[in-house]
Amino acid sequence: MPRFAGAGTGTGTGTGDAMIDPPKVLLEHSFLHAVADDQHEQHERATGEYLRLVAEYEVEAVLLVAVSDHLRAHGGFDRRGRFAPVDRLWVGMQHRRAAKRTSSGGDLDLALTLVMAERHRVRTIATFDPRFEQYQLTLLPAPEVE
Amino acid sequence: MSTTEAPTFVPPPTRLSLRSVVPVDHLQPVRLGLMFSYLLAYLLWLRLKGLPIDRISVAISVAIFLVCAFVGRSWRTWGILLVDCAFYIVMWLAYEKTRGAADDGFQVFGLFQVGPYPLQVESMRNIDRAMFFGHDPNTVLQDHFWERSVRWYDVVASATYMTHFVFPIIAMAVLWVLSHRQWVRFMKRFATLLGVGCLLFVLLPTAPPWMVASPKYPYQLFHELHRDAGRGFRHLGFKGFTNDYKIALSNGNGVAAMPSLHASFALIVPLFFMQWIRQTWVKVALLLFPITMLASLVYLGEHWVIDGLVGWGITVGTFWFWNRMERRTRVARSHRARAALRRRRHRHRHRHR
């Protein structure tokens, strides 16, 4: 299945580039979980990708963001832990209301991620959830070469 | 293939745009409409009543713009905005108070007195004369160019001088609306610049050129200078200034020439926005603005050349300092993340052995 790699290099495309911040990469719930859980089957791959993104963050080529609900579930907003470079996208009531009205097959968590991505002009998402492949988003990590 | 196999996810042939699935923010056009209307009203006010230059009027102008820009945003966003506004107000009040107290000195928590320090009357003039081979730039410019009738360069000088009162504030408001992150970055530099400026106002009270030339003061280092920074602006048909609230914050300090905040503010805005500009000629054109500002300040008798150069030096220094600090913060966070991941890997391997 095609994944759309390449935008994580900091030269990404989309409306986000028109803004004055570096392109944002949203670390989705499944990705955060894979980085945080040593037993996760994708842990090594997720960690490798995350370290690559951290290196890009370090030179200000990208900003790393995560939905506050998801980040809270993986160690909160600790600036000393493994997600120290990740900024939270705060979820307000208006975002939850918009998520309820989003057509995402009834999955509120997915809908919330889409709402936050749209409102914050995110065009690149690090995820292991295949459902994101149906949207016009650049997905990370890149597919493994067989 | 077995019919009992779990269904595999088949993506649709064309990928959906986020805009097509996420509900539209209906208040976005309302916000844009309000901001545009406000801009028109502001320009109309500027034409009919004059340019508001005192801190309170400018703060009110920005506040109305921000209300237009934040209509329908979350309560949390409004909360952040209020905190930002509080910081902004405290910053300006501290600036006004320090600036006002500079020539008399002030008490630190009633414990000890700071200043007053001796007024610099001739030192800055001497530096200017050393830089310009024995000439006074202020008198040279006025002797050559100041005429009874308003000339085109009077208009340029006057309009450039006026931008000081609105230019940085407009930059702040625009950044506030576009990116809070960039607003914070700008404000760090701006507040540092103001802080260092205030410190120098206290440590080095300096009489400006118009003062040392005025017969109202006992110095008269050279012949009297014309002092009318607004005449070119009025020549364009504008009313000049609206200054109604000035009495409320009348902490103005006549001997706060060093450093020139006019010159500093004229540099901080182009310098900050330059990071998004690729074309060299646009960058050069932007840098002409602070140069025009300094030339105008000297021509109008408001500042010595050295005041402007020190102002620029402080501005460049604040950028150097905060660029370095921001890089250090990014590197520190990255190191923490790597270290945390290494620790977990190490523990994981240890457990498996």
Side-chain angles (χ1 to χ4, degrees), chain A residues 1-2 4 14-15 19-22 35-36 38-39 43-44 47 50-51 54-60 63-64 75 78-87 90-95 97-104 111 114-119 121-123 130-137, chain B residues 8-28 72-80 174-175 178-183 185-186 272-273 275-276 323 326-327 329-349 351-352:
Chain A
M1 198 169 286
F4 306 94
T15 353
M19 300 306 288
I20 53 179
D21 281 325
V35 173
D38 309 334
Q39 311 295 325
H43 178 69
E44 287 298 317
T47 307
Y50 179 58
L51 288 173
V54 168
E56 291 199 0
Y57 161 83
E58 198 171 332
V59 293
E60 217 182 357
L63 293 179
L64 303 181
D78 186 6
R79 281 293 188 196
R80 284 165 298 180
R82 57 185 167 259
F83 295 124
V86 183
D87 289 325
W90 192 269
V91 181
M93 284 308 291
Q94 58 173 251
H95 300 121
R97 277 197 297 273
K100 282 177 190 161
R101 289 185 284 124
T102 298
S103 39
S104 62
L114 294 175
V115 168
M116 298 309 282
E118 167 62 12
R119 295 284 157 89
R121 297 166 192 270
V122 174
R123 294 292 173 265
R131 291 174 300 173
F132 284 96
E133 287 172 1
Q134 62 184 311
Y135 301 104
Q136 286 177 6
L137 290 164
Chain B
T8 49
F9 176 76
V10 181
T14 52
R15 293 186 298 148
L16 304 165
S17 73
L18 290 189
R19 280 169 188 260
S20 67
V21 288
V22 173
V24 177
D25 182 3
H26 292 292
L27 286 169
Q28 183 72 4
R73 304 259 192 202
S74 68
W75 288 114
R76 187 174 182 276
T77 308
W78 275 96
I80 291 171
V174 168
L175 289 173
L178 289 180
S179 163
H180 188 258
R181 177 176 175 272
Q182 296 298 345
W183 181 82
R185 291 185 68 230
F186 184 82
F272 189 80
F273 282 88
Q275 57 186 307
W276 296 292
N323 287 350
E326 284 161 0
R327 200 176 312 121
T329 305
R330 285 198 306 275
V331 169
R333 284 179 185 170
S334 305
H335 281 327
R336 276 181 229 140
R338 289 189 193 106
L341 284 169
R342 264 200 306 273
R343 275 199 303 275
R344 284 185 69 87
R345 272 185 184 181
H346 185 72
R347 274 205 301 270
H348 182 63
R349 278 185 199 143
R351 259 204 316 267
H352 279 264

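Protein chains get the first letters and strands the later ones, always in sequence-line order, with residue 1 at the start of each.
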Colleague: Give a yes or no on whether the backbone of A:L137 and the side-chain of B:R15 come within a donor-acceptor separation of less than 3.5 Å.
Modeller: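 A pair under 3.5 Å: yes.
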
Colleague: Which bit of A:A36 comes within less than 4.5 Å of chain B, counting heavy atoms only: side chain, backbone, both or neither?
Modeller: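 Contact with chain B involves the backbone of A:A36 alone.
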
Colleague: Using heavy-atom distances under 4.5 Å, tell me whether A:E58 contacts chain B through its side chain, its backbone, both, or neither.
Modeller: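 When you check distances to chain B, atoms from both the backbone and side chain of A:E58 fall under 4.5 Å.
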
Colleague: For A:R97, is it the side chain, the backbone, both, or neither that has a heavy atom closer than 4.5 Å to a heavy atom of chain B?
Modeller: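 For A:R97, there is no contact with chain B at all, as no heavy atom is under 4.5 Å.
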
Colleague: Please name all residues satisfying salt bridge (charged side-chain N to carboxylate O under 4.0 Å, His left out) with B:R185, sequence neighbours left out, ordered by chain then number.
Modeller: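 Result, salt bridge (charged side-chain N to carboxylate O under 4.0 Å, His left out) vs B:R185: B:E326.
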
Colleague: Measuring only between side-chain heavy atoms, which start at C-beta, is A:Y57 closer than 4.5 Å to B:S334?
Modeller: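 Side chain of A:Y57 against side chain of B:S334, heavy atoms only: contact under 4.5 Å found.
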
Colleague: Say you draw a straight line from NE2 of A:H43 to CG of B:L341; how long is it, rounded to the nearest 0.5 Å?
Modeller: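 Output value for this atom pair is 7.0 Å.
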
Colleague: Between B:R330 and A:V59, what is the shortest heavy-atom contact and its length?
Modeller: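 Where B:R330 meets A:V59 most closely, the heavy atoms are NE-C, 4.4 Å.
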
Colleague: Chain A: which of B:R327, B:R73, B:Q28, B:R338 shares the most heavy-atom pairs with it under 4.5 Å?
Modeller: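 Highest number of heavy-atom pairs under 4.5 Å: B:R338.
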
Colleague: Please classify the contact between A:L64 and chain B as side chain, backbone, both or neither, with a heavy-atom cut-off of under 4.5 Å.
Modeller: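 Neither; nothing under 4.5 Å.
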
Colleague: Among residues at least two apart in sequence or on other chains, which ones pass side-chain hydrogen bond (donor to acceptor under 3.5 Å, both in side chains) with B:T329?
Modeller: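 Listed in chain order: nothing, the list is empty.
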
Colleague: Quick check against the 3.5 Å criterion: does B:W276 have a side-chain atom that pairs as donor or acceptor with the backbone of A:I20?
Modeller: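 Answer holds: yes.
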
